[in-house]
Amino acid sequence: MKTDLIYEQQGNNVVIFNVFPFDLEQTLDCGQSFRWCRVSDNTWQGVAHGRIMKIAYNEGSLTLFNTNTDEFNKIWRGYFDLDRDYAQIIETIKSDRVLTKAVEYAGGIRVLRQDPWETLCSFIISQNNNIKRIKGIIQRLCMHFGEQIGEGFYTFPAPEHLAKLTAGDLSPIKCGFRAKYILDAAQKVAEGRVDIYNLHKLPITKARERLMAIYGVGPKVADCTLLFGCGFIEAFPQDVWIKRAMKVLFDGSLPDVAKPYAGIVQQYIFHYARITKLEI
DNA sequence: AGCCAGGGTCTGC
DNA sequence: GCAGACCATGGC
């Protein structure tokens, strides 16, 4: 059973105690989010939900800088998925031998609960692309069309803003053929044809259908949005690595114990597959 | 230099 | 339904 979070205000910071397992690099630099940078050994900085955040982790203590308990409870607690008992999930899936192995590669990862629009747009940009360039495109998108909230920090542009642009307007961000996809997504979200902030209230199959009605959104981008942006922990995005891993390691389908947490397990398998290249 | 990147669409069987 | 060409761009 999960015990309540223990946290307190310390000056301008909020500190959360006894957070296990947790790893900032695994969580913030694993390809689920594209706007965080390491600023020192255990400290990372980024923009999420329209705010600049700096965060550090040391031996079970998580420090969120320049915030308060109100904002922590409203935003960051959910963003970092701190109320989910990862230790218990890991314990459960360890009844499977292959999953036990997979957890060893990124057991400190948290599935972030990001802004759904930012998630959708980011994973549209991710298609047939590499993580370095995805980050560059998103940074340029924010610099050109977001709102400046600090020196070098910009919000993610609102769909209503992007909906007014043309593909030509997007050329400075160099997103290539994805421009038309971004615009269609922005328009459908801005008009409310895709009610992205209420998708989490729908059954997952309905939510996926809505997302896939957007030009350029297929099953992979939809599932990443559902998992990283809408809180559907059972979503299971399948990229080339996961597909390969499913064949090689699991004979096609996930063990039943893992299914309630498929999205989290997907992250473990993803890292396992990429690090080992499945040449075992 | 050439292959590939956390895919999706469109076309042609 | 399913395979294959094509899509912009740049990292490695």
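Throughout, protein chains are lettered first and strands after them, A, B, ... in sequence-line order, and every chain is numbered starting at 1.
For the pair A/R133 CZ and C/dC7 P, the computed distance is 15 Å after rounding to whole Å. One atom, CD of A/Q139, and another, C1' of C/dG11, lie 16 Å apart when rounded to the nearest Å. Distance, A/I134 CD1 to B/dC4 C1': 13 Å, rounded to whole Å. The distance from atom CD1 of A/I125 to atom C1' of C/dA8 is 13 Å, rounded to the nearest whole Å. A/N128 has its CG atom 15 Å from the P atom of C/dA5, to the nearest Å. When rounded to the nearest whole Å, the span between CZ of A/F177 and P of B/dA5 equals 13 Å. Computed from coordinates, the A/I173 CD1 to C/dG10 C1' distance equals 15 Å when rounded to whole Å. Rounding to whole angstrom units, CG of residue A/L183 and P of B/dG8 are separated by 18 Å.
The side chain of A/K174 sits closest to C/dT9 out of B/dG7, C/dT9, B/dG6. Which of B/dT9, B/dG7, C/dG11 sits closest to the side chain of A/Y215 comes down to B/dT9.
At the heavy-atom level, A/P219 lies under 4.0 Å from the strands shown only through sugar-phosphate atoms. Base engagement by A/R178 is indicated by at least one non-hydrogen atom pair under 4.0 Å involving a base atom.
Note on ring orientation: taking the six-membered ring where Trp is involved, the planes of A/F156 and A/W117 are perpendicular (angle over 60°, cut-offs 30° and 60°). Note: A/F22 and A/Y57 have tilted aromatic rings, judged against thresholds of 30 and 60 degrees for the angle between ring planes.
Taking the six-membered ring wherever Trp is involved, the centroid distance between the rings of A/Y154 and A/F145 does not fall below 6.0 Å.
For the OP1/OP2 pair of C/dC12 and a distance below 4.0 Å, the side-chain nitrogens and oxygens of A/K132 include at least one atom meeting the criterion.
C/dG10 sits 22 Å from B/dG8 when the P atoms are compared, rounded to a whole Å. Spacing between C/dC6 and B/dG6 at atom P, rounded to whole Å, works out to 23 Å.
Salt-bridge annotation for A/E25 and A/R38: present, with a side-chain N of the basic residue lying under 4.0 Å from a carboxylate O of the acidic one. One finds a salt bridge joining A/K135 and A/D29 here, because a Lys/Arg side-chain nitrogen approaches an Asp/Glu carboxylate oxygen to under 4.0 Å.
The aromatic ring of A/F270 stacks onto the base of B/dG6, its centre lying under 5.5 Å from the centre of the six-membered base ring with the two planes under 30° apart.
When each of A/G216 and A/R244 is assigned the nucleotide of DNA chain B with its nearest heavy atom, A/R244 is the one assigned upstream, toward the 5' end.
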